[in-house]
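The sequence lines fix the lettering, A, B, ..., with proteins before strands; numbering per chain opens at 1. Being a predicted model, the structure only gives us computed values, none of them experimental. Values reported hereafter were calculated over all heavy atoms of this structure, with side chains retained and with hydrogens, waters and symmetry mates removed.
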Amino acid sequence: MKKLSLIVLLLTAIFSLSALSKNEESSSNELLVYCYDSFASEWGPGPAIVQAFEEETGIKVILQAPGDGITVLTQLELEKENPRADVVVGLDNNLVERALNSQVLQPYKSPLLESVDPELILDDSYHLIPYDWGFFAICYDSEKLTEVPHSLESLTSEIYKNSIILMDPRTSTPGMGFFLWTLEVYGDNWKDYWKRLKPNLLTVVESWSTGYGLFTSGEAPMVLSYSSSPAYHVEYEGTTRYQALIFDEGHPVQIEGAGLVKGSDNLEAGKLFLDFLLSQTSQEAFALSNIMFPVIEDTPLPESFAYALKSDKIITPHVDQEQLDIAIEEWLEIMGE
Amino acid sequence: MNKTFGSGLLRKKMGLPLFPLLLLFYLPLFGIFFKLFQQEGAGAMAGQLKELLGSPSFLRTLGFTISQAALSAVFSLLLALPGAALFSRYDFPFKKLILSLSFISFILPPILVVLAFVQFWGNQGWVNQFIRWIFPQSQGIHILYSGKAIILAHVFYNLPLALRLIYDGWSSLPHSQEEAAYSLGCSPLKTFRKVIFPQLLPSVGSSLLLIFLYCFLSFAIILVLGGGPRFSTLEVEVYQQIKFSNNYLKGGMIALIEMALGMLLMWSYLKIESRRTLGYSQTLRHEDMKPLAGQGKWLLIIYLLFYMFFLAAPLLAMISKAFIIQRGWNGPREFTLTWFAALFTPGHGMLSLKAILTSLKYALGSTLLVLNISLFLGHQMLRKKILFPRFTEMLILMPLGISSVLLALSYLRISMGLSHNSPLKGLLIIGIHCIIALPLAYRSLVQRIHQLPVNLTEAAQSLGAKPWRLFTKIELPLLKPILRTSALFAFALSMGEVNAVLILSQPGDVTIPLAIYRLMGSYNFNGASAMGTLLIFITMAAFILMEKRNHADRI
Amino acid sequence: MLIEFNQVRFQQGDFILHAHLSMPQGKMICLLGPSGSGKTTLLRLLAGFETPQQGKILLQDRDITHQPAWKRRLGYLFQDLALFPHMRVDENICFGLSMDNIPKEQQKMRLKELLTLVDLEGYEKRQVQQLSGGERQRVALARALAPNPACLMLDEPLSALDASVRERLGRHIRKIQQYQNLTTIFVTHDQDEAMRLSDYIYIMKDGEMLEGGSPEELYEKPVYSWTAQFLGDGILLPILAEKSNKITTVWGDFILEKNEDIEGLTWKKEASNPIKKDRILIRPQWITLGRGNKKARVLSREFGPKGYRLEMQFKDQNFILYSQKNIEAGQWVNMECDKVHRLRCL
């Protein structure tokens with residue numbers, strides 16, 4: 001009996017606590033921002049940006065990072081009826097369609113978007129505005145690889161046997177980016193391309209972190225990453241050993257964006273925050289801590305970004321979810337052979 | 001509590017013991033499936049199930065998931081058996097330490113184990129560097145990125161567990177049985193086959209099943225070390241369907257199939273366990289151990305060398321990464337503490353220190369909760385009459401067989417009900433860590449309670465000890481060693497867990513594994529290794545502390 | 001009567017115990033029977049470790065059937081002693097006292113008293129693992145005695161000890177029991193021990209009390225043939241014919257002084273026994289060798305401290321006899337008996 005009453009007591013305590021904490025939420029000088037984990041990370045851009053924003057505006061920002069970008073969107077969808085967040089940061093171009101369909105955002109056209117390259121505008125309806133971007137690209141270890149590939153096609157050359165680390169499109173954003181890249185470039189012949197590419201793959205890993213970790217451990221000379229990745233090694237390790245490759249076919253981009261959550265009762269502060277993401281302070285932080293290109297064109301870049309290459313051909317994939325599911329099934333068949 | 005012991009059935013109950021699990025595990029899970037049912041309807045769910053079970057590619061994945069798990073379990077067992085034989089016969093220094101290393105593999109996030117493996121077995125790993133140093137012309141061995149590597153990694157994870165479980169079973173067999181067999185003219189091998197092995201079957205069976213379950217839900221290891229989607233498991237499918245295709249129906253149904261299989265396994269596990277003879281419950285006393293000498297000594301040394309090479313060396317390789325810096329292009333590798341220093345520089349707001357404290361906070365909290373709940377459950381299950389005892393036990397063990405993606409999602413749903421800075425989120429983290437550690441902590445405790453001589457409690461009762469004092473004066477002191485072991489286990493699991501923390505942590509709360517992930521996400525792999533090294537050291541420290549206390553208690 | 005079992009029925013799996021008996025105060029009472037006869041179960045019911053499905057257990061007219069064990073205040077000495085391994089000798093002995101929240105000073109006095117009683121002065125601070133078998137036994141005894149229990153129960157208390165310790169300790173327990181006038185119930189399967197130590201014996205068989213009485217009564221005048229055989233050697237002869245109090249057997253005719261009436265005692269399986277042939281009992285002590293006209297043959301002979309142990313055969317009956325005379329195997333001897341007892345067959 002004692003135990004039971006203890007449990008009951010505990011439950012009451014829990015509920016009263018949660019009721020209490022709900023009450024304090026409605027303070028208007030507080031902005032709740034959902035973001036993906038590495039944005040909020042102490043090694044990511046989040047903390048610096050938030051600090052600068054708070055100093056400038058006096059609005060308190062709470063960063064809430066429940067996981068990767070997809071988890072953030074999932075949480076927004078789950079909370080649709082009763083939204084809590086004011087701003088969401090870190091939905092990329094792969095998630096735009098889903099985010100728009102699930103109607104969790106409201107549009108805001110920041111005046112600062114004028115200095116953004118039109119190609120980088122994520123969404124014509126301005127539900128999501130871009131803040132940084134990068135090219136998916138193959139990076140290589142210049143110590144190991146003397147003859148470098150210059151196209152997707154040349155990746156299939158026999159000299160690169162067991163030399164490439166890719167990510168699984170089913171579990172990783174860069175993995176999906178690369179998969180869509182091949183779909184776009186090769187059209188109906190993509191399966192054939194993958195069959196030729198397969199002998200050169202050392203492994204296809206579940207996440208970018210693991211893949212890049214294998215790469216820097218010297219397991220393979222090439223890895224799927226971003227064209228800006230080498231900048232990190234220059235900036236923080238002082239080495240130019242790792243370099244990115246620009247391919248003739250052009251590159252797909254990842255554009256990361258932020259938006260106002262539909263139903264937010266703190267619109268003004270939210271808009272201020274979105275504007276602030278496009279300010280020079282934030283844009284520089286994205287370059288330094290996210291190792292991605294800023295969207296505002298004249299943002300001064302650190303010298304290390306000389307090693308962050310840009311392609312002049314941007315590839316925009318056009319595949320709907322259903323086709324994609326089928327393609328992935330087929331891809332699995334090929335990989336499983 | 002009512003003192004009349006009326007007709008049996010009236011007093012039997014099953015709700016109460018399950019209450020904590022209901023709250024922390026079944027309700028969240030039920031929520032997901034209920035939502036699915038609301039949105040899709042039963043027809044669509046059944047249709048999806050049918051489609052899955054008719055799809056060749058799904059069946060192939062299922063087949064591979066099962067076969068790799070089975071192979072991993074069998075290999076772990078085969079390698080553990082000789083060790084258990086030697087360990088249960090001879091006493092030697094650090095035996096306890098080695099046995100308790102069975103926790104280490106649990107605390108490491110898979111991503112770190114992968115890196116450790118690459119560092120050790122990889123193309124540029126220690127093994128290959130050594131081979132090339134001896135035979136400069138050699139290509140080295142290529143064991144990673146193949147089916148073999150999956151088994152290798154799974155055996156790495158599970159060998160210590162198998163060794164521990166079989167050792168426990170073996171050392172409770174009286175030596176006299178073996179000697180009796182010898183005196184009857186039975187050769188050692190035959191004695192093993194005819195006398196020992198049949199009695200080991202329960203521990204062999206349960207370790208096989210446990211390992212199978214772990215490998216069944218394995219995910220990162222298989223994709224990375226297996227070389228890619230050639231080897232795919234159900235868990236990867238769940239991940240893809242829920243996260244990338246946004247197809248909750250399909251993901252949920254695959255998870256349901258996983259759960260059904262998990263339940264089946266749990267059921268058979270309990271069935272095997274219940275056959276464990278409770279008669280021989282005395283553990284081997286010190287005097288029964290043979291002194292280390294002769295042939296046995298050499299066999300033991302060989303086995304220990306193998307064990308160290310196989311288990312400790314990859315971890316050392318990972319740890320070494322935390323202490324090495326290579327300057328410039330092709331500069332020499334130097335010993336350094338830079339990576340550790342970087343973790344604690346004020347530039348990052350001393351977040352690493354905060355991470356350690358946060359990790360400790362959650363780990364201690366969930367350890368306390370695990371101990372309380374498992375004692376409560378153990379008491380309920382053994383001392384009270386429970387309806388459908390085996391079914392109830394299965395429900396307690398169920399968290400072992402659940403898809404982590406689904407569990408994370410179910411907690412995500414709960415966390416939505418809480419405000420963003422609610423302190424309850426911390427409690428939820430503690431809760432979910434507790435749920436993950438509970439099944440095994442509970443099992444080991446229950447087994448120990450089973451072994452407690454009933455006489456002792458009866459003696460105390462006849463001397464007038466009320467239930468509460470019986471518990472505090474007799475049961476608790478006698479259970480101390482196993483409680484410490486369970487505590488360590490829960491502590492280690494919580495220290496290493498990252499999924500729940502990711503979803504539920506409050507703003508600014510970082511744990512060690514979370515820091516590892518974030519460091520990796522920011523290209524800082526040496527820093528991640530340093531963090532991982534800290535994780536190992538802290539857990540080792542906790543372990544040594546516990547062992548010391550246990551030792552002190554015995555004297 | 002101190003303890004009463006009133007139509008108590010207890011079932012556990014296939015085993016059923018039925019008890020309806022009472023035990024007097026201040027006596028040494030023995031529950032004797034083969035293993036599986038339910039003697040330990042009876043003890044455990046009294047101690048409160050098991051609860052009967054039917055019936056009542058009364059302690060000094062108080063119904064304790066559903067009282068939990070820890071409220072009964074009855075001492076129990078376990079077969080394997082159940083000393084608490086994590087406590088010292090003094091902690092073990094004072095355990096029951098501390099449950100009653102008795103002040104430390106009084107505990108110490110009681111401890112001293114008990115240690116003297118069981119001859120273990122100076123053992124207070126020892127670990128129980130360091131003690132010999134007999135010492136442990138005495139610690140367990142002291143522990144059970146410490147809270148002054150209304151009655152003491154001993155479950156095969158001596159079975160694990162070797163012969164000499166066993167006898168000494170048995171007498172020790174008996175002395176303590178008599179000295180304190182403590183009602184003591186002990187369980188054993190050893191007939192000699194039971195007869196030597198107890199005031200009163202209950203014979204248990206197949207979950208039921210078969211009969212009870214003082215050791216002398218039970219040995220010389222048991223009701224059932226089964227009891228007679230279980231308690232010692234003797235010749236059991238089938239009754240060939242019976243007319244009022246005259247009985248005919250192969251030995252000859254006997255006149256029984258009075259019809260041994262055994263009303264009230266019926267045993268559950270008696271009725272179903274198909275070969276219901278009553279017998280007479282002749283104990284070896286009732287036989288005199290070298291007299292009379294009945295001839296028996298000596299089958300074997302052994303020498304021992306009690307004299308010669310002769311294995312004899314009379315008609316189709318083999319029996320054991322102790323004699324001071326040395327008679328070689330194969331010889332025929334005359335014998336005579338001066339007493340017989342009529343048994344109900346079981």
For this session: Apply the test ring pair (Phe, Tyr, Trp, His ring centres under 6.0 Å) to residues Phe471(B) and Trp468(B): give CA-CA distance (whole Å), side-chain angles for both, the deciding distance (0.1 Å), then the verdict.
Result: CA-CA 5 Å; Phe471(B) 176 70; Trp468(B) 175 247; 5.6 Å; yes

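Across every non-hydrogen atom of Lys125(C) and Asp90(C), the tightest pair is NZ-OD2, 2.8 Å. The two atoms that bring Leu182(C) and Cys151(C) nearest to each other are CD1-CA, 4.4 Å, heavy atoms only.
Within residues 133-149 of chain C, the residues that have a heavy atom under 4.5 Å from a heavy atom of chain B are Arg143(C), Ala144(C), Pro147(C), listed by number. The stretch residues 36-49 of chain C places Arg44(C), Phe49(C) near chain B, each with some heavy atom under 4.5 Å from a heavy atom of that chain.
Between Ile57(C) and Pro52(C), some side-chain heavy-atom pair lies under the 4.5 Å cut-off. Considering only heavy atoms from C-beta on, Val8(C) stays 4.5 Å or farther from Gln54(C) through its side chain. Side-chain contact check for Lys95(B) versus Asp91(B): some heavy-atom pair is nearer than 4.5 Å.
A donor-acceptor pair is defined here as one N or O able to donate and one able to accept, closer than 3.5 Å; no such pair exists between the side chain of Asp63(C) and the backbone of Leu58(C).
From Leu114(C), atom CG reaches atom CE of Met109(C) across 11.5 Å, with rounding to the nearest 0.5 Å.
Remark: the His18(C) side chain and the Gln7(C) side chain contain an N/O donor-acceptor pair separated by less than 3.5 Å. Using modelled atom types, one finds no donor on one side chain facing an acceptor on the other under 3.5 Å when comparing Gln107(C) with Arg110(C). Judged by distance alone, the side chains of Thr188(C) and Asp190(C) never bring a donor and an acceptor atom under 3.5 Å apart.
With a 4.5 angstrom heavy-atom cutoff, Leu83(C) touches chain B only via backbone atoms. Contacts between Met153(C) and chain B at a heavy-atom distance below 4.5 Å are absent for every atom of the residue. Only the side chain of Phe78(C) comes within less than 4.5 Å of a heavy atom of chain B; its backbone N, CA, C and O stay farther away.
Residue with the most contacts toward chain C among Glu458(B), Gln461(B), Lys466(B): Glu458(B) (heavy-atom pairs, distance under 4.5 Å).
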